[in-house]
Amino acid sequence: MNTLNLHERIEQLEQELLALEMENHELTQKMLKAQFEDHKLREIQKLAKVGTWSLNHLSYNLSLSSELSMILFGEEQVPQSLSWDSFLQLIGGLAEQNIGTTIMQEVIIGGQQKTFEHKMVKPDGETLYVKHCCETFYNSIGQPLNSVGLMQDITLEKINEIRLEQLSITDELTGLNNRRKTNEVLVAQHDLVQRYDSDCTAILFDLDLFKQFNDLFGHQTGDEVLQTVAQKIKDNLRSADICGRWGGEEFLVICQNTPVSDATMVAEKLRCVIAAINLSCKMPVTASFGVAQFSKGEPLQAFLKRLDQTLYTSKKAGRDQVNTSLYQA
Ligand SMILES: Nc1nc2c(ncn2[C@@H]2O[C@H](COP(=O)(O)OP(=O)(O)OP(=O)(O)O)[C@@H](O)[C@H]2O)c(=O)[nH]1
């Protein structure tokens with residue numbers, strides 16, 4: 001090779017090197033961009049508390065994204081490998097007939113995309129609420145290839161929602177059900193009786209001469225009397241009985257699956273419990289009761305009127321007593 005050719009060859013190689021360097025630079029830029037995008041995606045997933053899983057239908061191999069592992073296991077407890085069955089077990093948690101497991105199995109078999117919310121119990125015993133979306137993908141001859149799922153941890157939002165829901169149905173002063181919730185239960189029980197002719201009885205009671213507590217000791221003492229009475233009622237009712245604050249110093253107890261004879265005994269017990277309360281203001285507290293059983297064919301408004309009149313009978317007859325009304329069609 002003469003000097004001229006050698007010179008040309010060097011120039012050619014230099015140009016090729018430059019082109020390679022440019023290509024390399026471009027590739028590095030692309031890689032950095034991809035890494036940045038990947039990092040961004042992970043950060044977004046972390047922020048949104050979202051993770052993914054995928055199940056290969058041929059190997060039955062399950063893989064979880066690191067974000068999902070974090071959501072399910074936290075930093076320290078990520079297992080080396082997780083089988084599909086253990087994953088389902090985890091999703092199903094301790095709850096029987098867990099909707100999460102059921103729907104996931106449906107998607108695995110049926111393939112349709114589904115989005116649903118469910119509750120699960122983490123290995124550390126903590127309750128987790130998740131929004132879950134999963135789908136199965138098929139090859140051209142309809143064989144399932146893989147199923148993928150996206151899970152979002154919505155525990156905080158759910159807990160706030162539950163708290164708000166609880167607040168909206170609770171009487172602030174006494175912690176009992178408020179009138180709205182009590183009325184809801186009343187309507188539902190009335191409907192059940194109309195449909196099944198079941199036994200359900202309501203007890204309405206009103207504290208006697210309650211105005212005196214406010215007048216003699218102040219509103220604050222009046223409030224404390226209402227709270228003490230509410231607590232006593234809670235302590236002395238079955239968990240199936242529903243109790244609510246119906247008005248100022250008026251309470252309503254709904255005893256499901258209870259005929260009027262049994263509910264009258266409940267009312268008598270509550271009357272005694274209230275009369276035995278020892279208030280710090282030393283004034284006795286009593287209540288007057290009306291008891292009535294729902295009847296098939298009786299409209300709710302008519303029933304409430306009958307119940308109210310029965311309570312009024314107790315007031316008129318001297319207070320601190322229980323009166324029962326029997327339905328006459
Ligand atoms: N402290 C307090 N008082 C309340 C509350 N709601 C209603 N009241 C009071 O309860 C009193 C009810 O008075 P009345 O309707 O005259 O009845 P009563 O004094 O209990 O007399 P009888 O029902 O006839 O035995 C009123 O003074 C109301 O202001 C409350 O949340 N806190």
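For ligands, and for the atoms within them, numbers begin at 1 and follow the listed sequence. As the structure is a computational prediction, the values presented were derived from the model and not from experiment. FYI, the numbering just counts along the sequence from 1.
Listed by atom number, the atoms of ligand 1 under 4.0 Å from Leu207 heavy atoms are 20 (O), 23 (O), 25 (O). Per-residue contacts place Arg319 under 4.0 angstrom from the following atoms of ligand 1 (heavy atoms of the residue considered): 22 (P), 24 (O), 25 (O). Taking every non-hydrogen atom of Gly222 and a distance limit under 4.0 Å, the qualifying atoms of ligand 1 come out as 1 (N). In the vicinity of Asp208, heavy-atom distances shorter than 4.0 Å reach the ligand 1 atoms 20 (O), 25 (O). Using a 4.0 Å cut-off to heavy atoms of Asp206, the atoms of ligand 1 that qualify are 23 (O).
Looking only at distances, no side-chain donor or acceptor of Gln293 sits under 3.5 Å from a matching main-chain atom of Asp199. Remark: the backbone N or O of Thr286 is not paired with any side-chain donor or acceptor of Arg271 at under 3.5 angstrom. Between the Arg179 side chain and the Trp246 main chain, a donor and an acceptor come within less than 3.5 Å of each other.
Under 4.0 Å from ligand 1, the heavy atoms of Leu226 that appear belong solely to its side chain. Within the 4.0 Å heavy-atom criterion, neither part of Gln220 lies near ligand 1.
Between the choices Gln212, Gln227, Lys211, the shortest heavy-atom distance to atom 19 (O) of ligand 1 belongs to Lys211. The residue among Leu209, Asn214, Leu173, Thr221 with a heavy atom at the shortest distance from atom 28 (C) of ligand 1 is Asn214.
At the shortest separation from atom 32 (N) of ligand 1 among protein heavy atoms lies Asp223 OD1, 2.6 Å. Given atom 7 (C) of ligand 1, the protein heavy atom at minimum distance is Gly248 CA, 3.5 Å. Nearest protein heavy-atom neighbour of atom 14 (P) of ligand 1: Glu249 OE2, 3.9 Å. Scanning all protein heavy atoms for the shortest distance to atom 18 (P) of ligand 1 gives Phe210 N, 3.3 Å. Closest to atom 23 (O) of ligand 1 among all protein heavy atoms lies Lys315 NZ, 2.9 Å.
Summarising the geometry, atom CD belonging to Gln321 is positioned 11.0 Å from atom CZ belonging to Phe289; distances are rounded to the nearest 0.5 Å.
Remark: distances from the non-hydrogen atoms of Arg245 to ligand 1 include one below 4.0 Å.
For the residue pair Thr155 / Asp153, a side-chain donor-acceptor distance below 3.5 Å is found, with atom types taken as modelled. Residues Thr264 and Thr324 have side chains that bring a donor and an acceptor to within less than 3.5 angstrom of each other. Looking only at atom types and distance, the side chain of Thr115 has no donor-acceptor partner in the side chain of His132 under 3.5 Å away.
Val193 and Tyr327 are not part of a single hydrophobic cluster, where members link through side-chain heavy atoms under 4.5 Å apart. Taken together through direct or relayed side-chain contacts under 4.5 Å among Ile, Leu, Val, Met, Phe, Trp and Tyr, Ile274 and Leu252 form parts of separate hydrophobic clusters.
The side-chain heavy atoms of Trp53 and Leu62, taken from C-beta on, include a pair separated by under 4.5 Å.
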